Novice: 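I'd like to ask you about the structure that follows.
On a predicted model such as this, the values are computed, not experimentally measured, just so you know. Numbering of ligands and ligand atoms starts at 1, following listing order.
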Amino acid sequence: MDVNHCELCKRDGVKTTIHHLVPREMGGNYGPKADLCIPCHKQIHALFTNEQLAANLSTIEQLEANDEMQKYLKWIKKQPPTVLPKLKKSKQMRKKH
Ligand SMILES: [Zn+2]
Ligand SMILES: [Zn+2]
């Protein structure tokens with residue numbers, strides 16, 4: 001069955017991808033991972049740099065507690081699992097790309 005559960009927004013029936021809680025670039029290749037739906041995964045990497053993730057946001061609990069993520073999670077939980085919503089990028093990431 002191709003029905004998965006996102007560990008961050010807790011929605012069921014979403015397609016999930018593996019997120020390295022400590023990014024691979026920061027040495028997290030063999031570290032803890034989480035199953036995240038595509039919007040959650042994209043949102044994390046749109047909001048935070050790998051350095052921020054490794055330093056402050058390396059658990060689901062820390063991600064959930066982050067202000068920016070709370071705003072996002074409130075919204076995504078209302079979205080149907082089959083829809084891939086358009087996401088906003090944070091200013092700092094927009095500058096980089
Ligand atoms: Zn999710
Ligand atoms: Zn990731």
Side-chain angles (χ1 to χ4, degrees):
M1 268 223 305
D2 197 17
V3 176
N4 291 302
H5 174 76
C6 173
E7 292 184 41
L8 197 53
C9 65
K10 321 286 188 201
R11 292 184 304 159
D12 287 309
V14 290
K15 210 171 147 62
T16 58
T17 54
I18 303 272
H19 170 63
H20 290 80
L21 287 162
V22 175
R24 271 170 296 185
E25 292 80 357
M26 303 296 286
N29 204 19
Y30 302 103
K33 294 176 224 142
D35 281 330
L36 301 181
C37 69
I38 291 163
C40 283
H41 203 173
K42 282 196 177 155
Q43 184 67 70
I44 289 174
H45 289 290
L47 284 172
F48 311 113
T49 63
N50 284 341
E51 288 79 6
Q52 287 176 305
L53 291 172
N56 304 311
L57 299 160
S58 60
T59 66
I60 291 288
E61 289 72 26
Q62 286 176 323
L63 287 166
E64 278 177 336
N66 179 273
D67 278 354
E68 293 295 323
M69 285 310 290
Q70 288 207 341
K71 269 184 254 166
Y72 159 80
L73 286 170
K74 240 181 153 176
W75 168 77
I76 194 71
K77 282 175 204 248
K78 289 183 233 145
Q79 309 303 312
T82 45
V83 171
L84 284 186
K86 278 226 163 94
L87 300 167
K88 285 185 215 140
K89 289 203 171 183
S90 69
K91 275 187 202 123
Q92 61 167 349
M93 294 307 278
R94 237 180 340 235
K95 247 185 278 168
K96 266 197 168 171
H97 294 284

Novice: Test of understanding: with side-chain hydrogen bond (donor to acceptor under 3.5 Å, both in side chains), list the residues that count as partners of Glu64, not counting sequence neighbours.
Specialist: Lys10

Novice: Start with the C-alpha gap between Leu63 and Leu21, add the side-chain angles, then the distance that decides, and say whether side chain to side chain contact (heavy atoms under 4.5 Å, CB included) holds.
Specialist: CA-CA 10 Å; Leu63 287 166; Leu21 287 162; 4.2 Å; yes

Novice: Inspect the surroundings of NZ in Lys77 and state if more than 12 heavy atoms from other residues, nucleotides or ligands are less than 6.0 Å away.
Specialist: yes

Novice: If I only include protein atoms of type N, O or S, how many are less than 2.8 Å from the Zn ion (ligand 1)?
Specialist: 4

Novice: Applying ring pair (Phe, Tyr, Trp, His ring centres under 6.0 Å), can you list everything that pairs with His41, at least two apart in sequence or on another chain?
Specialist: His19, His45

Novice: For Asn56 and Phe48: C-alpha separation, side-chain torsions, deciding distance, then whether side chain to side chain contact (heavy atoms under 4.5 Å, CB included) applies.
Specialist: CA-CA 10 Å; Asn56 304 311; Phe48 311 113; over 6 Å; no

Novice: Could you list the cluster mates of Met26? Members are the ILVMFWY residues connected by side-chain heavy atoms closer than 4.5 Å, either directly or through other members.
Specialist: Val22

Novice: Take Leu8 and Ile44 through the test side chain to side chain contact (heavy atoms under 4.5 Å, CB included) and record every step on the way to the result.
Specialist: CA-CA 10 Å; Leu8 197 53; Ile44 289 174; 3.7 Å; yes

Novice: To the nearest 10°, what's the angle at the Zn ion (ligand 2) between atoms ND1 (His19) and NE2 (His45)?
Specialist: 110°

Novice: Would His20 count as a contact for the Zn ion (ligand 2), in the sense that one of its N, O or S atoms lies under 2.8 Å from it?
Specialist: no

